[in-house]
Visitor: 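Please find one structure pasted underneath; my questions will follow.
Sequence lines set the chain letters: A, B, ... in the order given, protein chains first and strands last, and positions in each chain run from 1.
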There are 2 protein chains.
Amino acid sequence: MKVAKFGGSSVASAEQIKKVAAIIKEDKDRKIVVVSAPGKRHKNDEKTTDLLIKLGEASIENKNSELELAAVLTRYEEIATELELDEAILQEIEDDLRTKLHSTYENDGRFLDTLKASGEDNNAKLVAAYLNSTGQDAVYINPKDAGLLVSDEAGNAQVLPEAYDYLYRLRERKEVVVFPGFFGYSKNGILVTFPRGGSDITGAILAAAVQAELYENFTDVDSVYAANPAIVKNPVEIKRMTYREMRELSYAGFSVFHDEALIPAFRNKIPVCVKNTNNPKSSGTLIVAEREYSLNPVIGIAADEGFATIYVRKYLMNREVGFGRRLLEILEDVSISYEHIPSGIDDTSVIIRQAQLTPALEQRIIERISQELEVDDVHIEHDFSMVMLVGEGMNNTVGVTARAATALANQQVNIEMINQGSSETSLVFGIHQKDTDRAVQVLYNEFFGPEDKH
Amino acid sequence: MKVAKFGGSSVASAEQIKKVAAIIKEDKDRKIVVVSAPGKRHKNDEKTTDLLIKLGEASIENKNSELELAAVLTRYEEIATELELDEAILQEIEDDLRTKLHSTYENDGRFLDTLKASGEDNNAKLVAAYLNSTGQDAVYINPKDAGLLVSDEAGNAQVLPEAYDYLYRLRERKEVVVFPGFFGYSKNGILVTFPRGGSDITGAILAAAVQAELYENFTDVDSVYAANPAIVKNPVEIKRMTYREMRELSYAGFSVFHDEALIPAFRNKIPVCVKNTNNPKSSGTLIVAEREYSLNPVIGIAADEGFATIYVRKYLMNREVGFGRRLLEILEDVSISYEHIPSGIDDTSVIIRQAQLTPALEQRIIERISQELEVDDVHIEHDFSMVMLVGEGMNNTVGVTARAATALANQQVNIEMINQGSSETSLVFGIHQKDTDRAVQVLYNEFFGPEDKH
């Protein structure tokens with residue numbers, strides 16, 4: 001049994017949904033299908049979810065929201081018409097939305113969550129109807145009926161352990177199950193949405209619950225690449241990688257999906273395959289618990305911008321018991337989380353994501369550190385990037401650091417920071433943000449050969 | 001005005017003290033001389049300080065301690081006889097020791113401190129007597145009379161600010177002042193000894209107090225070397241280095257002196273010169289606040305053994321606010337201080353000096369981290385070395401890391417950890433302890449050319 005999840009672009013139009021149907025038909029093991037709301041059909045298009053947010057906001061402001069409602073319904077209508085579906089499905093969707101608009105809610109947040117989730121929910125009904133119209137035996141299943149129980153934290157639902165037992169029963173269905181992504185229900189029956197990557201989360205939970213042999217994540221790229229194609233021309237495809245490699249690459253800016261979304265699959269060792277709805281023949285990228293090491297110690301190169309460093313110097317710092325702990329405590333107090341802490345003898349730096357800072361907060365941090373820790377110097381520098389080399393077993397290969405540092409030095413990229421030594425699968429270089437693209441290109445060429453040669 | 005401090009080997013025998021006298025005579029600016037207790041004259045010799053400790057312990061155990069007293073007095077007697085000094089000085093030393101042995105003390109620690117300090121104190125009297133006998137106008141000055149006031153923490157005295165004003169008056173002395181190192185007096189008149197490097201501390205305090213143009217630290221080596229001569233054959237001499245470079249090298253195992261001993265000189269920007277009593281013509285190593293960068297970004301390579309790493313892994317660690325702080329708090333609770341904290345996304349390592357650990361303490365640390373932080377894995381690995389490249393402005397030189405990492409990789413030295421990014425003057429590699437000597441040799445050859453070519 002396989003669980004297949006289709007993202008927004010894979011279900012954005014009738015044409016795309018036909019591809020989805022063909023993919024499901026092709027493999028009888030694809031028994032559970034998770035769908036997103038219809039996404040963008042072209043660059044300037046609006047996602048259904050965004051249309052639903054506009055509808056909700058108009059309604060909250062007590063405006064006449066018929067225009068906004070029509071915009072949402074039109075999206076479904078265009079799809080249904082082209083798929084030659086019965087009018088009944090459109091009426092069902094319209095009735096559903098009008099009911100939701102006129103129900104009462106605990107607060108506006110709950111109302112908006114419910115409206116947003118209807119994007120996935122109604123699309124699942126529509127896809128199920130289409131599959132049935134083509135002769136495939138399919139059934140729409142609502143998360144409440146299936147027992148997808150989650151914690152009651154709006155926008156940040158966490159699956160409850162007992163949900164897995166309820167969802168296991170989906171194995172018994174003879175039909176292809178079409179399941180909306182993005183939300184579950186609390187024990188009190190309230191709809192609660194997942195955090196970012198919501199439909200991916202639903203798919204991962206279902207894959208874990210039914211003990212699927214594979215969780216297929218259909219999107220619009222052929223595979224995960226060894227580097228960002230916007231920086232490196234035609235980077236090599238990654239055929240097989242481990243959860244850990246995926247996680248490290250996601251952290252440093254790889255945006256195929258949010259690695260945390262896949263946790264339920266990872267925890268249950270369900271292999272995950274990233275595939276392309278528009279090119280299903282491509283084998284995609286398989287993400288597994290273990291892999292054999294290849295000759296190349298590096299599997300991917302990621303980079304993320306927007307880091308700042310809080311530099312602190314105090315003579316004899318390393319003799320002061322508790323200094324590091326007190327420094328972290330001050331940052332914790334102002335809700336700053338840190339990424340790395342390179343340290344000297346009399347100085348230490350704390351590298352953080354600078355989006356957490358405001359000028360006022362910087363001032364406060366500097367004042368508190370100055371006063372409470374009586375330091376000789378404290379200042380904040382901005383606009384660093386972290387470039388990460390990722391690969392299982394990299395730590396066992398003498399010379400990865402040497403090759404990377406030499407390649408960067410040859411191109412005059414100064415290394416401001418190195419973090420190596422805890423993770424065995426990654427090596428992080430801190431550089432000036434302006435050097436980011438060049439650093440990624442240089443490292444790609446070093447470990448994968450010249451760009452555009454594949 | 002210069003302050004010259006002579007270490008134990010420089011005043012170990014009559015022959016050595018004659019060299020000291022010649023050095024003082026040669027430069028009229030050498031107005032303040034700080035002396036240690038007579039040190040070892042040959043490899044298997046005993047230091048006077050150790051003889052004094054034996055004397056003190058015998059006395060505490062109420063044994064007849066005449067034999068131990070005789071051993072101490074013999075050291076001074078041999079020196080005095082060969083220097084053809086008047087009997088009076090030996091009688092003065094014996095009277096002093098017998099008085100100290102029979103006085104009453106707050107506790108045994110105070111008694112031992114007083115006996116130990118007599119090694120320097122009586123040697124200062126003896127050196128002053130010798131200088132006078134050769135026609136140099138010299139005077140022994142006791143720290144109490146001079147106003148060297150310190151905090152009342154046995155074995156860890158800290159100079160009090162007001163001491164500097166009292167000591168400034170030493171400038172007014174016409175004679176060469178001979179001053180014992182290693183101890184001062186509390187405001188209550190109790191003798192208190194300095195921590196390790198005690199005589200160096202006394203010299204640095206006096207140099208700062210009298211605003212000396214130079215603090216000369218006479219020892220038994222021609223200079224500070226770019227690497228440990230026990231590992232690298234004929235390493236280059238360091239002619240000029242900054243306080244910061246000295247501090248970083250000292251930290252990582254350079255044992256010329258304890259860098260903290262020099263703090264009073266550093267704080268007052270008094271240049272410090274390391275010179276050889278046995279070869280005073282050699283220019284030695286000058287340690288200053290600032291220096292011009294040379295072509296070589298690296299000034300020295302140090303290595304220190306005996307590090308352990310506490311490895312902690314927890315899925316989603318980097319999302320857990322306060323994790324790092326709580327980890328450091330546990331270590332602080334059991335009085336473990338740390339050196340470096342390389343971190344991954346889901347793991348972090350804390351590198352510590354393993355001398356702090358016992359098997360029972362390791363067990364306790366692992367248990368507390370497991371239970372309180374609910375980690376997926378925690379374990380401790382032993383026997384790492386930290387190899388440190390030091391040099392001002394190293395951070396401005398693209399490629400130092402690349403050269404170092406490549407040199408190590410070429411010799412199959414695996415880099416377990418790198419810490420770069422806070423200090424601009426150092427780069428630390430963590431390696432397996434067994435690779436230490438090889439790593440130092442390899443890095444020396446990379447940055448200073450082949451060994452033994454100078």
Side-chain angles (χ1 to χ4, degrees), chain A residues 244 247-248 251 260 263 267 309 311-312 315-316 318-319 321-322 324-325 328-329 331-332 335 337-349 351 395-396 398-410 412-428 430, chain B residues 244 247-248 251 260 263 266-267 309 311 315-316 318-319 321-322 324-325 328-329 331-332 335 337-349 351 395-396 398-410 412-428 430:
Chain A
R244 202 150 67 144
R247 173 145 170 73
E248 306 247 7
Y251 167 78
E260 289 176 31
I263 294 174
R267 286 243 157 102
T309 167
Y311 173 86
V312 179
Y315 198 62
L316 299 183
N318 77 320
R319 292 285 185 276
V321 174
R325 188 258 310 157
L328 295 185
E329 220 160 54
L331 297 179
E332 198 178 331
S335 299
S337 66
Y338 67 88
E339 308 294 318
H340 310 283
I341 324 176
S343 60
I345 296 171
D346 291 335
D347 48 22
T348 193
S349 295
I351 294 170
N395 210 32
N396 296 320
V398 170
V400 171
T401 310
R403 284 174 67 187
T406 303
L408 292 171
N410 287 344
Q412 301 293 313
V413 175
N414 211 351
I415 300 167
E416 301 295 320
M417 186 215 74
I418 301 180
N419 193 340
Q420 181 201 330
S422 195
S423 168
E424 290 181 350
T425 45
S426 68
L427 169 59
V428 179
Chain B
R244 203 151 66 143
R247 174 146 168 73
E248 305 245 7
Y251 167 76
E260 289 176 32
I263 293 174
F266 292 175
R267 286 241 158 102
T309 169
Y311 173 86
Y315 200 61
L316 299 182
N318 78 320
R319 292 284 185 277
V321 174
R325 188 259 307 155
L328 296 185
E329 221 160 53
L331 296 179
E332 199 179 331
S335 299
S337 66
Y338 67 88
E339 308 295 318
H340 310 285
I341 325 176
S343 58
I345 296 170
D346 291 334
D347 49 22
T348 194
S349 296
I351 293 169
N395 210 32
N396 296 320
V398 170
V400 171
T401 310
R403 284 174 67 188
T406 303
L408 292 171
N410 287 345
Q412 302 293 312
V413 176
N414 212 350
I415 299 168
E416 301 294 321
M417 186 215 74
I418 300 180
N419 193 340
Q420 182 200 331
S422 196
S423 168
E424 290 181 350
T425 45
S426 68
L427 169 59
V428 179

Visitor: Nearest 0.5 Å please: distance from the CG atom of A:Asp346 over to the CZ atom of B:Arg247.
Guide: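 The CZ atom of B:Arg247 is 4.0 Å from CG of A:Asp346, to the nearest 0.5 Å.
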Visitor: Quick one: closest heavy-atom pair of B:Gln420 and A:Ile415, and the distance?
Guide: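 That would be NE2-O, 2.8 Å.
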Visitor: Name the option with the most non-hydrogen atom pairs under 4.5 Å to chain A; the candidates are B:Leu408, B:Ile341, B:Thr348.
Guide: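 Top count of heavy-atom pairs under 4.5 Å with chain A: B:Thr348.
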Visitor: Restricting to non-hydrogen atoms, name the atom on B:Ala402 and the atom on A:Ala409 that form the minimum distance, rounded to 0.1 Å.
Guide: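 Between these two residues, the closest heavy atoms are CB-CB, 4.1 Å.
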Visitor: Tell me, please, whether B:Tyr338 has A:Arg325 positioned over its six-membered ring: NZ or CZ under 6.0 Å from the ring centre and within 45 degrees of its axis?
Guide: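 A:Arg325 over B:Tyr338 ring: no.
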Visitor: In chain order, what residues pass the side-chain hydrogen bond (donor to acceptor under 3.5 Å, both in side chains) check against B:Tyr311, with sequence neighbours excluded?
Guide: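 B:Tyr311: side-chain hydrogen bond (donor to acceptor under 3.5 Å, both in side chains) contacts with B:Asp347.
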Visitor: I need the residue from A:Gly344, A:Gly322, A:Ser337 with the largest number of non-hydrogen atom pairs under 4.5 Å to chain B.
Guide: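 Winner by heavy-atom pair count: A:Gly322.
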Visitor: At a heavy-atom separation under 4.5 Å, does B:Val400 approach chain A through its side chain, its backbone, both, or neither?
Guide: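 Neither; nothing under 4.5 Å.
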Visitor: Does some side-chain heavy atom of B:Glu329 sit less than 4.5 Å from a side-chain heavy atom of A:Glu329?
Guide: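 Yes. Closest side-chain heavy atoms under 4.5 Å.
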Visitor: Output the option from B:Arg244, B:Arg267, B:Arg403 having the highest count of non-hydrogen pairs under 4.5 Å with chain A.
Guide: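 So the answer, after comparing B:Arg244, B:Arg267, B:Arg403, is B:Arg267.
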Visitor: Taking side chain as everything from C-beta outward and backbone as N, CA, C, O, which of these in A:Thr401 sits under 4.5 Å from a heavy atom of chain B? Side chain, backbone, both or neither.
Guide: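 Both backbone and side chain of A:Thr401 come within 4.5 Å of chain B.
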Visitor: Any idea which of B:Ser426, B:Gly324, B:Gly430, B:Gly399 has the most non-hydrogen atom pairs under 4.5 angstrom with chain A?
Guide: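 When all of B:Ser426, B:Gly324, B:Gly430, B:Gly399 are compared, B:Gly324 has the most.
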Visitor: When only pairs under 4.5 Å are counted, which of A:Glu332, A:Glu416, A:Glu339, A:Met417 shares the most heavy-atom pairs with chain B?
Guide: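 Of A:Glu332, A:Glu416, A:Glu339, A:Met417, A:Glu332 has the most heavy-atom pairs under 4.5 Å with chain B.
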Visitor: Partners of A:Asn419 by side-chain hydrogen bond (donor to acceptor under 3.5 Å, both in side chains), sequence neighbours excluded?
Guide: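 Once residues adjacent in sequence are excluded, the partners of A:Asn419 under the side-chain hydrogen bond (donor to acceptor under 3.5 Å, both in side chains) criterion are A:His340, B:Ser343.
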Visitor: What part of A:Val428 is in contact with chain B, defined as an atom under 4.5 angstrom from a non-hydrogen atom: side chain, backbone, both or neither?
Guide: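 A:Val428 has no heavy atom closer than 4.5 Å to chain B.
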Visitor: To the nearest 0.5 Å, tell me how far B:Leu427 CG sits from A:Ile418 CD1.
Guide: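 If I round to the nearest 0.5 Å, the distance is 6.5 Å.
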